[in-house]
Amino acid sequence: MDYLPLFFDLRGKRCLIVGGGTIATRKARLLAKANAAIYVVAPYIQPELQTLVSQSGGECYVQCYEKGYLNNTVLVISATDNDRLNQQVSSDCHALNLPVNVVDCPQLCSVITPAIVDRNPLIIGISSGGEAPVLARRIRSHLEATIPGRYGKLAQLASRFRDKVKQTFADGELRRRFWESVLNGEIAEQVLAGNEAQAECAMVQRLAAEDCETGGEVYLVGAGPGDPDLLTFKALRLMQQAEVVLYDRLVSEPILEMVRRDADRIYVGKKRSEHAMPQEAINQTLLSYAQQGKRVLRLKGGDPFIFGRGGEEIDLLAEHNIPFQVVPGITAASGCAAYAGIPLTHRDYSQSVRFITGHLKDGQANLNWQEFVDARQTLVFYMGLVGLEEICAKLIEYGKDADTGAALVERGTLPTQVVHASTLEKLPGLIKGRTVHAPTLIIIGDVVKLHSKLAWFKQTDEIATP
Ligand code: SAH
């Protein structure tokens, strides 16, 4: 980090601007927002700048700059188009260890001004250390668009009640809960809708009732197929709220990184034939943490309701009246298809798509093969690697064209994704000759033939697709 971000209290303090033109005026507006006492020294000072100076309680010196103007100053901004003068101001300030900003000249600065998102008292400063200002501004516009304008009002409400909340909830964890329920709930919604008086009343009532919503809750969240960018906003919000997280093998490391730092993490496994925790124990663990008043995150690969046993996990919770939320995720079929350039449906090739479990019981996939032979549908087999040969053979046996496109997508959406594209007849042989890493998904249908044209996601692996 080349610069340490700090927030400077300038209220009533003497800040000197050297220069009296447009840029100096822009800087003065910023200082005025921070309630600084603005002083300006320049041979000519624009009228708007003069007004800002007098409103701030400062003074205009219609003079040439001299070192003496730096006395009793806490911050200096040099906004002139005279390089030598800027240099002079900078070296005078450096000699006095006085913070100085020379506009558009980072090498002469000891402090730089960030791009600002202002939701007073909530202030966000973004800086690229002068290296990529356009990028910093892009981030600012992004934040401007996503943080509601009335967030400042919310922060002001929080500030008004801060001491009272501290008195009511001496325990830090309860206090945190209280604030989270306020900021994520109805009270915040009221403020954002402009009903501050109502929000105040609700705050007073909740504090009187010492209501910090300590009931436990479970969030059953789909984490998508692996790429963290495929998480939903809601998933992310709940991931940062939960105190306990139960996750399995399919949840990628970068996604786990996004879970609240101090949350307890419990690995519940689920590798093929190696269950770190049996399903009943997972269900029971969710229940008992929630009964202790915890907010529990059950983080699952893909979508929790697609081959995820999500229904079973919330069944027990429902029986015990534990509140829960289910957050859908991008299922492996959607993720792998998109990242492999294989549209699951296509007007010319496929009018429907089926998600099928390829998990074998006693070495047999007891499926209704007859239903799968229609050429105008796409078949997606989850958990099908072990049964690949059997699946392809059965489909051909029941009448599916041996030349139908078939692909195995390994580690879909991850940087190590590999697509093995072939035909129903040849795919098993192709895979036999290659090392394949779980998880894998099988896509069967003529849409697979579009892969060679539509693939866009760069695979890091060297294997060329035939
Ligand atoms: N609920 C998950 C599926 C869980 S079953 C979902 O909606 O995606 C586990 C199977 O999902 C794996 O055996 C594999 O077939 C598939 N799978 C999950 N993530 C995958 C990925 N990134 N790439 C390929 N297949 C994946």
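In listed order, ligands and their atoms are each counted from 1.
- Looking from atom 4 (C) of ligand 1 to the surrounding protein, the closest heavy atom is Phe307 O, 3.3 Å.
- Side-chain contact between Tyr339 and Leu414 is absent, with no heavy-atom pair separated by less than 4.5 Å.
- The closest protein non-hydrogen atom to atom 20 (C) of ligand 1 is Pro439 CG, 3.5 Å.
- Residue contact check: Ile306 has heavy atoms under 4.0 Å from atoms 1 (N), 2 (C), 3 (C), 6 (C), 7 (O) of ligand 1.
- At a heavy-atom distance under 4.0 Å, only side-chain atoms of Leu250, from C-beta outward, approach ligand 1.
- Salt bridge annotation for Glu196-Arg150: present, with a cationic side-chain nitrogen under 4.0 angstrom from a carboxylate oxygen.
- Short contacts between ligand 1 and Leu441, defined as distances under 4.0 Å to a heavy atom of the residue, involve ligand atoms 15 (O), 24 (C), 25 (N).
- By the 4.0 Å N-to-carboxylate-O rule, Arg177 lies too far from Glu180 to be salt-bridged with it.
- Looking from atom 2 (C) of ligand 1 to the surrounding protein, the closest heavy atom is Gly301 O, 3.3 Å.
- Among Ala332, Ala438, Ser334, the residue whose heavy atom sits closest to atom 17 (N) of ligand 1 is Ala332.
- For atom 25 (N) of ligand 1, the nearest protein heavy atom (residue, atom name, distance) is Thr440 C, 3.5 Å.
- The side chain of Cys336, and not its backbone, has at least one atom closer than 4.0 Å to an atom of ligand 1 (non-hydrogen atoms only; side chain from C-beta on).
- The pair Lys166-Asp163 fails the salt-bridge criterion, with no side-chain N (NZ, NE, NH1 or NH2) lying under 4.0 Å from an Asp/Glu carboxylate O.
- Protein heavy atom closest to atom 11 (O) of ligand 1, with residue, atom name and distance, is Tyr382 CD2, 3.4 Å.
- The distance criterion of under 3.5 Å between nitrogen or oxygen atoms is met by Pro225 with respect to ligand 1.
- For the pair Glu410 and ligand 1, the shortest N or O to N or O distance does not fall below 3.5 Å.
- Of the protein's non-hydrogen atoms, Met383 CG, 3.8 Å is the one closest to atom 10 (C) of ligand 1.
- In terms of protein heavy-atom proximity, atom 23 (N) of ligand 1 is closest to Gly412 N, 2.9 Å.
- With a heavy-atom cut-off of 4.0 Å, Val409 touches ligand 1 through its backbone alone.
- Annotation: Phe355 is not in aromatic contact with Phe307 [ring centroid separation under 6.0 Å not met].
- In summary, Arg11 and Asp9 engage in a salt bridge, as defined by a charged side-chain N under 4.0 Å from a carboxylate O.
- Between Phe372 and Phe381, the two ring planes are perpendicular [angle over 60°; tilted spans 30° to 60°].
- Remark: Asp248 engages Arg298 in a salt bridge, criterion side-chain N to carboxylate O under 4.0 Å.
- Salt-bridge check for Arg119 with Glu144: passed, with a basic side-chain N closer than 4.0 Å to an acidic carboxylate O.
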- Query: How far apart are the C-alpha atoms of Arg295 and Glu217, what are their side-chain angles, what is the distance that settles it, and do they pass the salt bridge (Lys or Arg N to Asp or Glu O under 4.0 Å) test?
  - Reply: CA-CA 5 Å; Arg295 282 167 305 174; Glu217 199 179 352; over 6 Å; no

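- For atom 7 (O) of ligand 1, the nearest non-hydrogen atom from the set Val418, Thr331, Leu414, Thr416 comes from Thr331.
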